[in-house]
Amino acid sequence: MLDQYDIIVVGGGHAGNEAAAAAANLGSSVLMVTMNMGTIGQMSCNPAMGGVAKGQIVREIDALGGYSGIVSDHSAIQFRMLNLSKGPAMWSPRTQNDRLLFANEWRLMLERTPGVDFWQDMVSELLVEGDTVCGVRTQMGMEIRSKAVVLTNGTFLNGLIHLGEKNFGGGRAAERAATGITEQLIALGFESGRMKTGTPPRVDGRSLDYSVMEEQKGDENPRKFSFLPEVKALETQRSCHITYTNPVVHDLLREGFDRSPMFNGSIQSIGPRYCPSIEDKINRFAERERHQIFVEPEGWDTIEVYVNGFSTSLPEDVQLKAMRQIPGFEKAKMFRPGYAIEYDFFPPTQLKASLETKKLRGLFFAGQINGTTGYEEAACQGLMAGINAHLAIHEKEPFILERDEAYIGVLIDDLVTKGTEEPYRMFTSRAEYRILLRQDNADLRLTEKGYTLGLASASRMSRLDQKINRMDAVSSYLKGESIAPEEVNTYLEEHGSAPISQKIKMHSILSRPNITLQSWMVHDEKRSDAILELSHGDQEAMEEAEILVKYQGYISKERDLAERMNSLDLVPLPALDFRSISSLSSEAREKLTKVKPRNLGQASRISGVSPSDISILMVHIGR
């Protein structure tokens, strides 16, 4: 370990790992300080990556040159593309992962990254000179100086674990909480709050009866997160299973409500709305007779099973008694009970769009410290914080993704502009341009940006150029190739589509909703050979060409809408004393002063700022 680093990253979770890797790969010297080097890359909750909207984020991280997609692919035990029955804007990749292998892959990736050093200790204080952070002080009394610090403390800041009527300090089961930083930041003028999350019991898979559960297999032809060709898709997979709670389970859980920290006042903070505990579900949705339980293996070889959907902080005896009434769990043996955890966070309106704090130069926040929940949300913030910390110490403009460029841009803009009063989770519905932000085109949107930064490799850029050339070649062929009625009508009728009476271009046939390129290639061997030759068998290039054919109208409309909406983002807001602009509404003055938007577009997205307030601002700055 050195005495001086460019960047210190505090925490070794998903956010910290991406931050450290990104900054080091850009050329900064990085020290990762973590309380336990044995838990770097730990999947604290479910052993899975991706899912609806979250899978798009993982692909975006990969497209920019981050590591989460690669690590997920290398440790995957199952792959599923969710929402394939819907349009491609909703397709979302998800992997089930081997928990131990995932953490080991992350550790190896970081150890192989030149410029990353490690130190096992707890950071108890930031070194601050004036309005600038210049390093950290650890619990062991060591002072390590740096030009920037990235805080990625997860659930460890004054973490408090709840299990029934018991509570004890901790950032995760069997790991102590981190203290000192919250108190210092509050003294420096930061606003903090408390949030809650939870986790379900883990059980012995040998004690379960899978014969009464529904088997959930992976995709027949699994794909992967990473765009790198050397990262391979799964050849064998492990199944998950699905079972359900019932009224007996619910009644047994209710019997423990008087000892539940959620209902007896022990927990005051707000938990994730879209991932509630089982007691919260049966309380809020009392009319439902059952709730789905996903039975997820923790890895290739382990017998440990994650009981997804049964997150709880009820006493352990209540957990086990109720769980044994779930079909397949009658003889379940519990390895460890579920629990809830409360922790400190800092409302993210205190951040710039670069994730640098407004009060202290050189200090960046990423992950649950910003009020988010989820590995993927944390990882993308870590990536952006690492990039921007590196750019900041070299006095370069920050790297900011806009809402029409990436789900990452949507997430960060939501956080710094609107803030959050409950754990923030990404959904496709949060993105107004989700037809543009598909998982399939993350490389088309972002890899050139990553390459320009110096993060995405030359081989990634070369792979992207190949894909674009192949995609364009297939698109041109589809637009130029004519098909006669006698060649296609039988096929069309078989697929429930109206026959044609004259020659028509192939792209017109493919634009029909129930016609796919894959089924057409099975029907027409000659044209299939031509498409395979033009694409060099590149499945992603063929899929991209087909999506552009089918959805070009929608894509063009959304792009036009984005360009019109982005016109406000092009109008910068100088440093203004919003409180002195008396014609603004009182709420607008308060919110604008707090957020300090960088442009009119961001100002327009602040809750409580009306269109008339935006008009007043435009007049005020001479527009």
Side-chain angles (χ1 to χ4, degrees), residues 14-15 18-19 21-23 25-26 53-69 89 150 225 227 348-349 351-356 364-367 370 372 374 376-392 396-418 424 426-428 430-456 460-461 464 558-559 561-563 565-570 572 595 597-602 604-605:
H14 301 264
E18 287 288 3
N25 283 327
L26 289 173
K54 293 166 172 278
Q56 284 87 326
I57 289 175
V58 178
R59 294 218 93 193
E60 290 175 353
I61 292 170
D62 183 77
L64 284 166
Y67 287 167
S68 286
V150 183
F225 282 120
F227 290 95
T349 50
L351 302 177
K352 302 174 186 177
S354 63
L355 299 181
E356 185 178 22
F364 294 77
F365 291 172
N370 290 335
T372 60
E376 304 82 3
E377 290 89 342
C380 72
Q381 290 174 72
L383 178 76
M384 298 298 283
I387 291 170
N388 283 317
H390 171 85
L391 294 174
K396 294 182 179 179
E397 287 296 309
F399 177 61
I400 296 169
L401 292 170
E402 303 299 339
R403 297 182 71 91
D404 62 330
E405 292 180 315
Y407 272 93
I408 298 172
V410 174
L411 181 146
I412 293 175
D413 185 62
D414 278 354
L415 292 176
V416 304
T417 303
K418 303 173 184 176
Y424 178 101
M426 179 52 72
F427 293 99
T428 52
R430 295 191 190 273
E432 56 269 56
Y433 308 119
R434 54 186 172 272
I435 297 176
L436 302 179
L437 307 183
R438 306 183 310 277
Q439 61 83 31
D440 60 273
N441 70 351
D443 55 342
L444 300 176
R445 292 183 278 118
L446 300 174
T447 292
E448 187 173 357
K449 293 178 184 292
Y451 180 70
T452 302
L453 280 169
L455 192 60
R460 277 188 183 275
M461 197 62 212
L464 176 63
E558 200 160 273
R559 172 51 59 201
L561 174 62
E563 289 174 358
M565 296 299 292
N566 287 349
S567 60
L568 286 177
D569 287 331
L570 299 177
V595 175
R598 68 187 189 278
N599 55 51
L600 276 180
Q602 186 183 8
S604 72
R605 294 188 291 273

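Since the structure is predicted, the reported quantities are computational estimates derived from the model, not experimental observations.
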- Compare all side-chain heavy atoms of R438 with those of Q56 and state whether any distance is below 4.5 angstrom. no

- Query: Which value, rounded to the nearest 0.5 Å, describes the distance between D443 atom CG and N441 atom CG?
  - Reply: 7.5 Å

- Message: Side chains of L411 and Y424, heavy atoms from C-beta outward: is any pair under 4.5 Å?
- Response: yes

- Message: Between R430 and D413 (salt bridge meaning N to carboxylate O under 4.0 Å), is one present in this structure?
- Response: no

- Item | Heavy-atom pair of closest approach, residues A353 and V416 | CA-CG2, 4.3 Å

- Between A385 and V150 the two heavy atoms that sit nearest each other are CB-CG1, 3.9 Å

- Side chain S604, main chain G601, donor-acceptor under 3.5 Å: yes

- Can a donor-acceptor pair be found between the side chains of E18 and S68 at a distance below 3.5 Å? yes

- Message: To the closest 0.5 Å, what do you measure between CD (Q439) and OH (Y407)?
- Response: 10.5 Å

- Side-chain ion pair, R445 and E60, N-O less than 4.0 Å: yes

- K418 side chain reached by T349 side chain, heavy atoms, under 4.5 Å: no

- Could you walk me through whether E402 and R598 pass the salt bridge (charged side-chain N to carboxylate O under 4.0 Å, His left out) check? CA-CA 12 Å; E402 303 299 339; R598 68 187 189 278; 3.3 Å; yes

- Query: Is the shortest heavy-atom distance from the side chain of I412 to the side chain of L355 under 4.5 Å?
  - Reply: yes

- Message: So, taking the atom named CG in L26 and the one named NE2 in H390, what distance separates them when rounded to the nearest 0.5 Å?
- Response: 4.5 Å

- CG of L64 to OH of Y451: how many Å apart, nearest 0.5 Å? 15.0 Å

- Message: Side chains of N388 and E356, heavy atoms from C-beta outward: is any pair under 4.5 Å?
- Response: no

- Query: Below 4.5 Å, heavy atoms only, C-beta onward: do N370 and E377 meet side chain to side chain?
  - Reply: no

- Task: Please list, chain by chain and in numerical order, all residues satisfying salt bridge (Lys or Arg N to Asp or Glu O under 4.0 Å) with D404, sequence neighbours excluded.
- Result: R559

- Least distance between heavy atoms, A366 atom then A15 atom: O-CB, 3.9 Å

- Item | Least distance between heavy atoms, D440 atom then R59 atom | CA-NH1, 4.0 Å

- Measure from NZ or CZ of R460 to the centre of the six-membered ring of F227 and say whether it is under 6.0 Å with the direction within 45° of the ring axis. no

- Item | Electrostatic pair E432:R403 at N-O distance under 4.0 angstrom | yes

- Could you give me the CA-CA distance, side-chain angles and deciding distance for T372 and Q381, then say whether side-chain hydrogen bond (donor to acceptor under 3.5 Å, both in side chains) is met? CA-CA 10 Å; T372 60; Q381 290 174 72; 3.0 Å; yes

- Task: Determine, step by step, whether E397 and L391 satisfy the side chain to side chain contact (heavy atoms under 4.5 Å, CB included) criterion, reporting the C-alpha distance in whole Å, the side-chain angles of both residues, the deciding distance to 0.1 Å, and the verdict.
- Result: CA-CA 7 Å; E397 287 296 309; L391 294 174; over 6 Å; no

- Message: Testing the basics here: between G69 and V58, what is the closest heavy-atom pair and its distance to 0.1 Å?
- Response: CA-CG1, 3.6 Å

- Atom OG1 of T428 and atom CZ of R434: how far apart are they, to the nearest 0.5 Å? 5.5 Å

- Over 12 foreign heavy atoms within 6.0 Å of CD, E563: yes

- Positive for side-chain contact (heavy atoms from CB on, under 4.5 Å) with T447, one of D62, L455, L464: L464

- For the residue pair L561 and M565, establish whether any side-chain heavy-atom pair is separated by less than 4.5 Å. yes

- Query: Under 4.5 Å between any side-chain heavy atoms of M384 and F364, yes or no?
  - Reply: no

- Between G386 and A23, which heavy-atom pair has the shortest distance, and what is it? O-CB, 3.7 Å

- How far does CG of L600 sit from CG of L570, to the nearest 0.5 angstrom? 10.5 Å

